[in-house]
Peer 1: 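This structure is in structure tokens; I'll ask about it shortly.
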There are 2 protein chains.
Amino acid sequence: MPQTGDKDGPRTLQTVSMASQVLMTLKELDGAGVTELATELDISKSTAHIHLTTLVENGFVVKQNGRYELALKLFAVGEYVRSQNPLYRHGKDQVDELADKTGQYVHIVTEENGRAINLYQVKGDTSVSGTYQTTKPQQRDYLHYTASGKAILAYLPEQRVREILNRHGLPGRTANTITDSEVLFEELENIRERGYAYNDEEEIEGFRAIGAPLQTPDGDVLGSLSVSGPASVLQGERFEETLPEEVINSANIIEVNINMSNRS
Amino acid sequence: MPQTGDKDGPRTLQTVSMASQVLMTLKELDGAGVTELATELDISKSTAHIHLTTLVENGFVVKQNGRYELALKLFAVGEYVRSQNPLYRHGKDQVDELADKTGQYVHIVTEENGRAINLYQVKGDTSVSGTYQTTKPQQRDYLHYTASGKAILAYLPEQRVREILNRHGLPGRTANTITDSEVLFEELENIRERGYAYNDEEEIEGFRAIGAPLQTPDGDVLGSLSVSGPASVLQGERFEETLPEEVINSANIIEVNINMSNRS
DNA sequence: GAGTTTTGTTCAATATATGCGAACATATAA
DNA sequence: TTATATGTTCGCATATATTGAACAAAACTC
């Protein structure tokens with residue numbers, strides 16, 4: 001059958017799509033052997049083999065003690081991609097500064113294909129130490145249960161928000177996670193009125209956050225800046241006045257930095 | 001002709017190799033349009049187009065204001081790859097600590113396909129501020145003109161070192177860069193005797209470094225740990241005694257951490 | 001803001017690269 | 001050692017990638 005029944009929309013190269021799946025499967029499985037991969041993707045061993053060989057030849061996969069694993073080249077490429085990102089380039093210093101000032105976690109987040117990408121994060125020195133950073137950083141990257149994510153959603157065209165919800169849904173995480181789209185839209189309305197977003201233990205029990213959007217002069221969201229920490233610290237006036245102000249301030253500075261760099 | 005004249009060694013999927021080239025070309029060009037890419041890779045516009053479309057479908061490329069660029073998904077994948085790396089997992093904390101202690105730059109470096117990969121780096125607070133970090137971090141990643149790189153080469157089997165030299169050569173950077181392979185092999189001998197490597201302005205004028213290998217109990221090199229800073233600071237007893245000791249100490253701790261995690 | 005050039009996208013046809021299974025090779029287990 | 005699983009190579013049939021040409025949409029130009 002030509003171009004398998006998939007309703008892929010545009011015509012695509014199946015071999016390349018398979019190669020992409022191979023990469024993502026190696027990520028899922030933390031590396032794999034030929035047979036394992038073939039089973040997982042439901043292809044023949046020979047096909048799995050030639051895919052892996054090709055990816056090795058191109059440096060995206062390495063064969064390490066008998067297993068095929070994603071290569072560090074991907075890390076190098078990824079670093080390049082981040083370094084090209086304007087939000088990262090012009091926001092990094094402010095993140096460092098804000099983390100210093102607040103002592104909490106500070107993140108710069110952006111959105112791609114409806115998912116959150118953590119461009120840069122720093123742990124201020126009064127924020128939870130002792131709580132170990134899990135090795136798998138929570139790259140679970142939904143937008144609806146973080147302050148950064150909601151700050152982005154709030155300033156995205158409603159149409160796009162609906163698309164994202166259809167695509168990714170609103171999975172729950174804690175008792176406070178917003179899992180109903182009507183509730184979410186009300187929340188986004190509140191965020192727009194307020195100018196920044198709260199996360200009140202919606203992702204992790206005991207963790208709160210404040211997130212402000214980063215926008216272009218004509219109102220497009222580029223991403224967001226957030227501060228997060230234990231609910232015991234982010235509370236009272238600090239949570240309602242001081243921190244929001246500081247986050248907004250830093251966000252404004254980043255916005256200015258970006259605009260400056262766009263003038264020639 | 002089946003499998004074009006290329007002497008690729010093993011049989012590979014040309015479509016996938018082309019897709020890889022597309023990705024790397026987008027990196028080289030900092031993004032490109034369809035025609036530009038087609039010209040660069042000497043393929044038809046339609047082929048370039050379907051490749052790009054496929055990579056977009058798979059999330060590795062995004063179309064941003066009319067140009068195709070590498071997607072942040074690659075950054076996310078790259079972060080995952082790094083997080084899986086034992087050297088990073090068990091070395092990061094030591095890097096932070098050593099940067100604190102010395103006040104200089106500290107790097108953890110490893111090798112892949114004969115090139116250096118900077119797994120993690122931190123700038124201690126007394127190291128050059130004012131000198132701006134260039135936006136393109138010097139991911140030029142040759143092994144022969146850095147302390148980290150030479151520390152790795154010194155403990156790699158000579159056969160592999162020769163392969164690497166054949167593959168990548170010994171391009172010069174400063175007046176001090178070693179560009180002759182015989183000189184390099186002598187230097188590697190010295191490093192083995194000493195137990196650590198020096199970089200005396202071989203990469204950047206005015207910059208020195210000290211690098212120690214990170215090895216498994218049976219002598220395989222996993223990577224290296226290095227401290228670097230201005231030649232005006234890295235000099236005298238500090239350069240010859242104190243810092244080497246501190247680097248070696250930290251390196252040993254990392255080695256132990258890794259071994260611990262391999263038991264059971 | 002019409003005309004012109006460049007760039008992006010779609011399509012049908014054909015040659016060819018891809019995916020498969022079977023056979024062989026190598027590694028691991030019993 | 002034999003047995004079992006895993007990895008690798010090969011030839012073949014057929015699905016599929018590449019192409020050029022035609023069309024569409026931008027982007028300049030004046």
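Just so it is clear: chains get the letters A, B, ... in the order the sequence lines come, proteins before strands, and each one is counted from 1.
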Peer 1: Measuring to OP1 and OP2 of C/dA23, would you say a side-chain N or O of A/K45 lies under 4.0 angstrom away?
Peer 2: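 The answer is no; no side-chain N or O of A/K45 sits under 4.0 Å from OP1 or OP2.
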Peer 1: Without decimals, in angstroms, what is the distance between A/N65 CG and C/dT28 P?
Peer 2: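 Rounded to whole Å, this separation is 11 Å.
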Peer 1: Which class fits the ring pair A/Y142 and A/Y145: parallel under 30°, tilted 30 to 60°, perpendicular over 60°?
Peer 2: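 Taking A/Y145 first and then A/Y142, their aromatic rings sit tilted (interplane angle of 30° to 60°).
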Peer 1: For B/L52 and C/dG8, what is the distance between atoms CG and C1' respectively, to the nearest whole Å?
Peer 2: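 It is 11 Å, rounded to the nearest whole Å.
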Peer 1: Roughly how many Å is it from CD1 in B/I50 to P in D/dT19, rounded to a whole number?
Peer 2: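 Nearest whole value for this atom pair: 11 Å.
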Peer 1: State whether B/T47 places a side-chain N or O below 4.0 Å from either non-bridging phosphate oxygen (OP1 or OP2) of D/dT19.
Peer 2: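 Affirmative; the distance criterion is met.
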Peer 1: Once you apply a heavy-atom cut-off of 4.0 Å, does B/I43 come out as touching a base, just sugar-phosphate, or nothing?
Peer 2: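 Sugar-phosphate only.
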Peer 1: Check this one for me: any side-chain N or O of B/T15 less than 4.0 Å away from OP1 or OP2 of C/dT18?
Peer 2: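 Yes, because at least one side-chain N or O of B/T15 sits under 4.0 Å from OP1 or OP2 of C/dT18.
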Peer 1: Rounded to whole angstroms, how far apart are CG on A/L13 and C1' on C/dA17?
Peer 2: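 After rounding, the reported distance stands at 12 Å.
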Peer 1: Round to the nearest Å and state the distance from A/M18 atom CE to C/dG19 atom P.
Peer 2: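 Between P of C/dG19 and CE of A/M18: 7 Å.
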Peer 1: Does D/dT8 have its OP1 or OP2 closer than 4.0 Å to a side-chain nitrogen or oxygen of A/H49?
Peer 2: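 For D/dT8, OP1 or OP2 has a side-chain N or O of A/H49 closer than 4.0 Å.
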Peer 1: Send over the distance from B/L37 CG to C/dG8 P, rounded to a whole Å.
Peer 2: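 It is 10 Å, rounded to the nearest whole Å.
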Peer 1: Please give, in whole Å, the distance from D/dA17 C1' to A/Q14 CD?
Peer 2: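 About 10 Å, once rounded to whole Å.
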Peer 1: Is A/N85 reaching over with its side chain to a backbone N or O of A/L87, donor-acceptor style, under 3.5 angstrom?
Peer 2: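 Judged by distance alone, yes, a pair lies under 3.5 Å.
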Peer 1: Measure the NE2-CZ distance between B/H168 and B/R115 for me, rounded to the nearest 0.5 Å.
Peer 2: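 It is 5.0 Å, given to the nearest 0.5 Å.
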Peer 1: Any donor-acceptor pair under 3.5 Å joining the side chain of B/R11 to the base of C/dA17?
Peer 2: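 It does not, because no donor-acceptor pair links the side chain of B/R11 to the base of C/dA17 below 3.5 Å.
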Peer 1: Report yes if a side-chain nitrogen or oxygen of A/T35 is closer than 4.0 Å to either non-bridging phosphate oxygen (OP1 or OP2) of D/dT6; otherwise report no.
Peer 2: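 Checking A/T35 against D/dT6: no side-chain N or O falls below 4.0 Å of OP1 or OP2.
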Peer 1: For B/H51 and C/dA17, give me the distance from atom NE2 to atom P, rounded to whole Å.
Peer 2: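 Checked: the NE2 to P distance equals 13 Å.
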Peer 1: Mark yes when over 12 heavy atoms from residues, nucleotides or ligands other than A/D218 sit less than 6.0 Å from its CG; otherwise mark no.
Peer 2: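 Counting other residues, nucleotides and ligands, CG of A/D218 exceeds 12 neighbours.
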Peer 1: Between B/Y68 and C/dT9, is there a contact of a side-chain N or O with OP1 or OP2 at under 4.0 Å?
Peer 2: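 Yes, because at least one side-chain N or O of B/Y68 sits under 4.0 Å from OP1 or OP2 of C/dT9.
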Peer 1: Once you apply a heavy-atom cut-off of 4.0 Å, does A/S46 come out as touching a base, just sugar-phosphate, or nothing?
Peer 2: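 Contact class for A/S46: base.
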Peer 1: Is any side-chain heavy atom of A/P217 less than 4.5 Å from a side-chain heavy atom of A/N259?
Peer 2: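 They are in side-chain contact.
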Peer 1: Does C/dT7 have OP1 or OP2 sitting under 4.0 Å from an N or O in the side chain of B/K63?
Peer 2: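 No, outside the criterion.
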